[in-house]
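Data first, discussion second: the structure below is written as structure tokens.
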Amino acid sequence: MLLGKQGAGKGTQASRLADHRGVPHFSTGDLFRAEAKEGTAHGLEAESYMNRGELVPDPVVVGVVEEQFRRGTFDGGFVLDGFPRTEFQAVELDRVLDGQPVDLVATLDVPTEIALARLAGRRVCENCGTVYHVDHPPKHDWTCDECGGNVIQREDDTEAAIERRLELYEREMLPIVQHYRRQRRLVVVDGVGTGDEVASRLAAAIEARVGPDVET
Ligand code: AP5
């Protein structure tokens, strides 16, 4: 599970890690954006909160996560990104996992000024969600390298919504961090540096806890 403030690089690292380990990358933010695009009831409800930088209500979030576990999406392992976001969600996740707690909870630690600079330059594929930055754009004219979709700025990457998300992060994260500290599952990983540097630190933290990836 990856925690960290907005712009810490959770989505970027979760996607790399999931590819490397051959398990699903589950991002509640990506799921809500996809559902909003399809116009589902959950998606449209979530979108109204997301665009303001507010948290989607707990019952909606827990409902969609529980549904994924029920379908067996995560039976072979998973990387969670953006969930849990409240203490209630963390407690509900323990219930859903039914006595089989997550192996590791890694917090990507990044100073707010760096996170803000990353968010200001972030661009995402509106089709598959691949994340880019104005300093690391796709190869061809803002067309996604992975799927050919349009690469755009996220609707909640406005100054007001970012400010609100960071404010909520400070408020909601402390009890979550304490929750996983009590379970002795939390490690803090320095999130400053290149994507490769952060990925190596994360891999080392995972290896120390759950052992090496069989493919490496
Ligand atoms: P979500 O989609 O989860 O967004 P977020 O938490 O605001 O996090 P971000 O996506 O902004 O940051 P990130 O850490 O993933 O950074 P990234 O890798 O993209 O949630 C959006 C909304 O959905 C929430 O506000 C809420 O409304 C709702 N929601 C979602 N889950 C919820 C839940 N559980 N409960 C309630 N509501 C929920 O990187 C950012 C930029 O930096 C990119 O451009 C990237 O290329 C660049 N970058 C990354 N790493 C590096 C590096 N090492 N060096 C330089 N640049 C880098």
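Count residues from 1 along the sequence. Whatever order the structure lists them in is the order used to number ligands and atoms, beginning at 1. Computation of the quantities below employed the complete heavy-atom set of this structure, encompassing side-chain atoms and omitting hydrogens, waters and symmetry-equivalent molecules.
- For ligand 1, the polar-atom distance check against Gly53 finds no nitrogen or oxygen pair separated by under 3.5 Å.
- Contact detail for His25 and Ala18: the closest heavy-atom pair is CB-CB, 3.6 Å.
- In this structure, the protein non-hydrogen atom closest to atom 56 (N) of ligand 1 is Arg118 NE, 3.6 Å.
- Regarding atom 37 (N) of ligand 1, its nearest protein heavy-atom neighbour is Val56 N, 3.0 Å.
- Taking atom 20 (O) of ligand 1 as the reference point, the nearest protein heavy-atom neighbour is Arg85 NH2, 3.2 Å.
- Near Leu119, the atoms of ligand 1 lying under 4.0 angstrom from a non-hydrogen atom of the residue are 11 (O).
- With Gln13 contributing its side chain and Gly195 its backbone, the two residues share a donor-acceptor pair below 3.5 Å.
- Heavy-atom distances between His136 and ligand 1 stay at or above 4.0 Å for every pair.
- At least one heavy atom of Gly193 lies less than 4.0 angstrom from ligand 1.
- The part of Thr194 lying near ligand 1 is the backbone, judged by heavy-atom distances below 4.0 Å.
- Remark: minimum distance from atom 31 (N) of ligand 1 to any protein heavy atom is reached at Thr28 OG1, 2.7 Å.
- The contact set between ligand 1 and Gly11, taken as ligand atoms under 4.0 Å from a residue heavy atom, comprises 13 (P), 15 (O), 18 (O).
- Distances below 4.0 Å separate heavy atoms of Asp156 from the following atoms of ligand 1: 21 (C).
- Close N/O approach between Pro84 and ligand 1 is not found [any backbone or side-chain N/O within under 3.5 Å].
- Note on Arg95 versus Glu66: salt bridge recorded, some NZ/NE/NH1/NH2 to OD/OE distance being below 4.0 Å.
- In this structure, the side chain of Ser200 engages the main chain of Asp196 through a donor-acceptor pair within 3.5 Å.
- Between Asp94 and His179, the side chains place a donor N or O and an acceptor N or O closer than 3.5 Å (distance only, hydrogens not considered).
- Counting the atoms of ligand 1 from 1 in the order shown, those under 4.0 Å from a heavy atom of Gln89 are 33 (C), 34 (N), 35 (N), 36 (C).
- Once rounded to the nearest 0.5 Å, the distance linking OG1 of Thr112 with NZ of Lys5 reads 3.5 Å.
- Residue Val61 approaches ligand 1 through these ligand atoms, each under 4.0 Å from one of its heavy atoms: 33 (C), 34 (N), 35 (N), 36 (C).
- Looking at ligand 1, you'll find an N or O of Gly9 within less than 3.5 Å of one of its N or O atoms.
- One option in Glu54, Lys10, Arg154 has a heavy atom closer to atom 4 (O) of ligand 1 than any other, and that option is Arg154.
- The Gly195 neighbourhood of ligand 1 comprises atoms 53 (N), with distances under 4.0 Å to a heavy atom of that residue.
- Not less than 6.0 angstrom separates the ring centroid of Phe69 from the ring centroid of Phe26.
- Considering only non-hydrogen atoms, atom 28 (C) of ligand 1 lies nearest to Met50 out of Arg52, Glu172, Met50, His133.
- Contact annotation for Lys5 and ligand 1: only backbone heavy atoms (N, CA, C, O) come within less than 4.0 Å of the ligand.
- In this structure the side chain of Val23 never reaches within 4.5 angstrom of the side chain of Phe74, judged on heavy atoms.
- Distance from atom 49 (C) of ligand 1 to its nearest protein heavy atom, with residue and atom name: Thr12 OG1, 3.4 Å.
- Using a cut-off of 4.0 Å between Lys/Arg side-chain N and Asp/Glu carboxylate O, Asp19 and Arg16 are scored as not salt-bridged.
- Ion pair Glu67/Arg71 flagged as a salt bridge, since at least one NZ, NE, NH1 or NH2 atom sits closer than 4.0 Å to an Asp/Glu carboxylate oxygen.
- With rounding to the nearest 0.5 Å, the separation of CG in Leu3 from OH in Tyr180 is 7.5 Å.
- Counting heavy atoms under 4.0 Å from ligand 1, residue Thr86 does not touch it at all.
- Here the side chain of Thr73 pairs a donor or acceptor atom with the backbone of Gln68 at under 3.5 angstrom.
- When hydrogens are left out, the protein atom nearest atom 12 (O) of ligand 1 is Gly7 N, 2.9 Å; that is the closest non-hydrogen contact.
- In the candidate list Arg122, Arg164, Arg33, Arg33 is nearest to atom 2 (O) of ligand 1, counting heavy atoms.
- Annotation: atom 43 (C) of ligand 1 to nearest protein heavy atom, Val131 CG1, 3.4 Å.
- Partner of Asp157 under the salt bridge (Lys or Arg N to Asp or Glu O under 4.0 Å) criterion, out of Arg123, Arg122, Arg118: Arg122 alone.
- Shortest contact from atom 44 (O) of ligand 1 to any protein heavy atom: Tyr132 O, 2.7 Å.
- Put simply, the side chain of Tyr132 never gets that close to the backbone of Trp142: no donor and acceptor are under 3.5 Å apart.
- Residue Arg165 touches ligand 1 through its side chain alone, judged by heavy-atom distances below 4.0 Å.
- Taking any N or O of Gly82, backbone or side chain, at least one lies under 3.5 Å from an N or O belonging to ligand 1.
- A distance-only check finds no donor-acceptor pair linking the side chain of Glu92 to the backbone of Phe88 [under 3.5 Å].
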